[in-house]
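Index from 1, following the sequence.
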Amino acid sequence: MPFPNASQGGFVVNPSLPLFDPAPQATPYPYSSPPYGGPSGPTGPTARPTAGPAPAQPTPHGHGFVFGPPLDPTRIRTPRTRPILLRSTVLALAVLAVAGVGAVRQAGKDTTDYDNTGRRNRVAWALKDGRDGPPITRTPVADSRVLEGTWFRGDTVVRSELSRVVAYRVDTGATVWESPLPDGAAMCAAGDATDGPIAVVVYGVGGACDRIAGVDISSGREVWVKPRPDKDSLTGGGERLAVSQGVAVTADTAFRIKDGARLWAADRGFGAGCHVSAFRGGAALVANGRCGTTDTVWAVNPATGKPAWAHALPKGGTILGSPVVATSPVIVDEPVTTGVPRLTVLTDKGEPAYTIETGNPVISNALGPTPRILADERTIYIPGNNGQSLHTSAKLWANQIVAVDRATGNVRWVSALPAAVKALGMSVDSKAAPIRIDEDGGLRVWVNAGIGKPPRLVRFAAGDGHIRVVDEYPLRLGAALALDMPKPFEQDGRLFLVKEDVGDQALGYRLIVGG
């Protein structure tokens with residue numbers, strides 16, 4: 001079904017306008033399709049793919065920076081999202097005021113900035129919470145969820161949102177298809193990888209998360225759906241759906257992604273007195289839990305659920321976040337008695353190879369999304385914080401990268417980002433989020449400097465950590481994101497910034513695409 005034109009308040013393309021422009025007058029929400037699974041049940045019709053490419057949209061006239069179907073004024077949450085943005089911006093401005101009236105002027109002349117500016121880029125399109133899609137069903141549990149699940153298929157980017165799975169055109173942001181969840185259900189979790197075209201999601205009504213389903217991200221069709229046992233019920237934002245080698249594990253139960261077959265449950269096989277509490281996916285499937293009073297990590301065969309090896313963590317101290325912070329290689333966060341994380345890299349037999357403490361690593365925890373630890377066959381890239389700058393939020397963000405030789409554990413280099421603002425002996429951090437390792441071994445990183453400097457896509461050279469700016473984005477984008485940090489992706493030369501946390505305190509823009 002074609003989407004309405006700009007004069008009807010619908011899809012508008014004008015990347016030259018600020019992200020804060022008011023939305024056009026809305027028309028009632030037009031969707032009339034049956035809920036996820038359709039009238040004939042889970043195997044019935046679900047999605048509404050378009051018959052072909054999205055039609056060309058007319059030139060906007062007098063409208064804001066808005067994308068998607070017509071707006072429902074009852075779901076435009078301007079009173080909720082904008083004050084949060086303003087509070088964050090005021091906090092950053094207060095930091096500058098402490099540094100003196102000349103701080104902003106000096107930021108523009110800062111000689112500690114990058115040695116090149118890169119290509120000037122733009123925001124191609126963006127989606128703001130409450131401006132498109134079906135009505136959002138909110139529950140106390142749903143408001144605290146972190147929803148992974150960003151998949152690329154053909155010319156679409158597919159997202160698991162709070163009340164639906166939806167595909168957008170990567171070049172324009174037009175909605176290609178959507179599959180609403182049934183009966184007012186809310187999304188609980190989604191796998192961060194697929195098996196071919198099939199992705200896995202977990203959802204339920206209210207605080208329940210009692211269904212797991214496989215979704216074809218080419219069309220939005222629900223391929224299979226299975227009940228989740230009560231003992232597997234999720235508890236909110238701390239849970240993840242671990243995906244590895246064609247298997248999805250939710251809580252303690254594994255399902256084959258292609259057909260939903262239940263493969264195993266982690267209630268036996270890990271040893272007497274052992275209890276598995278969580279899984280992490282990726283190149284390997286890794287579990288963590290306890291054997292008696294000992295914190296333990298296991299490498300698990302995804303097909304059988306049998307542990308290949310077990311690694312007991314040292315006693316004493318406190319684990320600052322999840323003990324498993326990477327799976328290729330397996331890296332664990334050991335208990336510490338100080339505030340500095342100590343990462344241990346394990347061999348393929350689960351034995352300690354070496355530890356990494358350099359650079360004050362910034363690791364995953366229960367407070368929200370954190371930077372990725374990435375590795376290739378030569379180098380492990382660890383996001384860290386040098387502790388030399390003022391922070392404008394309680395969360396510790398990464399402001400440098402540490403390159404570690406994967407074979408030996410030797411630190412090759414430590415490369416810090418220029419401060420977002422530096423004046424009168426005071427500086428405010430830029431925030432780094434690694435995206436991927438490129439073909440030459442360099443690390444590509446999204447850098448958000450808030451209101452201090454333009455946001456950038458940069459590359460750390462594999463050999464010496466020299467930072468080169470690839471793309472520079474408008475300063476207003478950094479201001480729109482304020483102190484938050486969405487997860488970055490790169491696909492076919494485009495940058496995608498995805499907000500995965502769902503809740504009243506989340507930033508207003510949930511998907512921003514660079515040109």
Under the 3.5 angstrom rule, does the side chain of [X] hit a backbone N or O of [Y] as a donor-acceptor pair?
X: D192; Y: G149; result: no
X: D216; Y: S218; result: yes
X: S160; Y: E148; result: yes
X: R280; Y: V324; result: yes
X: R211; Y: P227; result: no
X: S163; Y: A186; result: no
X: K453; Y: A419; result: yes
X: E334; Y: L343; result: no
X: T327; Y: G281; result: yes
X: K226; Y: G260; result: yes

- Message: Can you pull out every ring-ring contact (aromatic ring centres under 6.0 Å, His included) where at least one residue sits in residues 439-469? Sequence neighbours excluded, please.
- Response: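 Applying ring-ring contact (aromatic ring centres under 6.0 Å, His included) to every pair that reaches into residues 439-469, excluding sequence neighbours, yields W446-Y473.
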
Ionic contact status for [Y] with [X], cut-off 4.0 Å:
X: K258; Y: D195; value: no
X: E472; Y: R119; value: no
X: R406; Y: E377; value: no
X: D113; Y: R456; value: yes

When you check the side-chain N and O atoms of [X] and [Y], is any donor under 3.5 Å from an acceptor?
X: T294; Y: K315; answer: yes
X: R342; Y: T355; answer: no
X: D295; Y: N288; answer: no
X: T250; Y: R228; answer: yes

Measure the [atom1]-[atom2] distance between [X] and [Y] for me, rounded to the nearest 0.5 Å.
X: T156; Y: Q491; atom1: OG1; atom2: CD; result: 9.5 Å
X: I217; Y: S179; atom1: CD1; atom2: OG; result: 12.0 Å
X: D376; Y: R436; atom1: CG; atom2: CZ; result: 12.5 Å
X: I380; Y: I373; atom1: CD1; atom2: CD1; result: 8.5 Å
X: T344; Y: Y354; atom1: OG1; atom2: OH; result: 10.5 Å
X: L346; Y: D348; atom1: CG; atom2: CG; result: 10.5 Å

- Query: Is the centre of the F496 ring less than 6.0 Å from the centre of the W151 ring?
  - Reply: no

- Message: Between R412 and T379, does the side-chain hydrogen bond (donor to acceptor under 3.5 Å, both in side chains) criterion hold? Intermediate values first, please.
- Response: CA-CA 9 Å; R412 289 210 189 107; T379 309; 2.4 Å; yes

- Item | Check against side-chain contact (heavy atoms from CB on, under 4.5 Å), Y114 and I467 | CA-CA 7 Å; Y114 306 98; I467 304 173; 3.5 Å; yes

Taking the side chain as C-beta and beyond, is there a heavy-atom pair between [X] and [Y] under 4.5 Å?
X: V300; Y: W264; answer: yes
X: V414; Y: Q400; answer: yes
X: C209; Y: V202; answer: yes
X: D252; Y: V276; answer: no
X: W298; Y: C274; answer: yes
X: I257; Y: T194; answer: no
X: D438; Y: R459; answer: yes
X: V200; Y: I212; answer: yes

- Stepwise, does the side-chain hydrogen bond (donor to acceptor under 3.5 Å, both in side chains) test hold for N360 with N386? CA-CA 7 Å; N360 189 22; N386 57 23; over 6 Å; no

- Item | Any residue meeting side chain to side chain contact (heavy atoms under 4.5 Å, CB included) with D492, in chain and number order, not counting sequence neighbours |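 Side chain to side chain contact (heavy atoms under 4.5 Å, CB included) list for D492, sorted by chain: empty.
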
- Decide yes or no on side-chain contact (heavy atoms from CB on, under 4.5 Å) for W413 and I401, but give the supporting numbers first. CA-CA 8 Å; W413 46 259; I401 300 295; 4.1 Å; yes

- Message: If you compare all heavy atoms of A251 against all heavy atoms of F279, which two are closest, and at what distance to 0.1 Å?
- Response: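 Heavy atoms of A251 and F279 come nearest at O-CD1, 3.3 Å.
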
- Message: If I compare all heavy atoms of A420 with all of A449, which pair ends up nearest, and what's the gap?
- Response: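 Minimum heavy-atom separation between A420 and A449: CB-O, 3.4 Å.
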
- Message: Show, in sequence, the C-alpha distance, side-chain angles and deciding distance for L313 and V332, and conclude whether the side-chain contact (heavy atoms from CB on, under 4.5 Å) test is met.
- Response: CA-CA 9 Å; L313 297 177; V332 297; 3.9 Å; yes

- Item | Stepwise side-chain contact (heavy atoms from CB on, under 4.5 Å) test for Y381 and V445 | CA-CA 11 Å; Y381 290 107; V445 176; over 6 Å; no

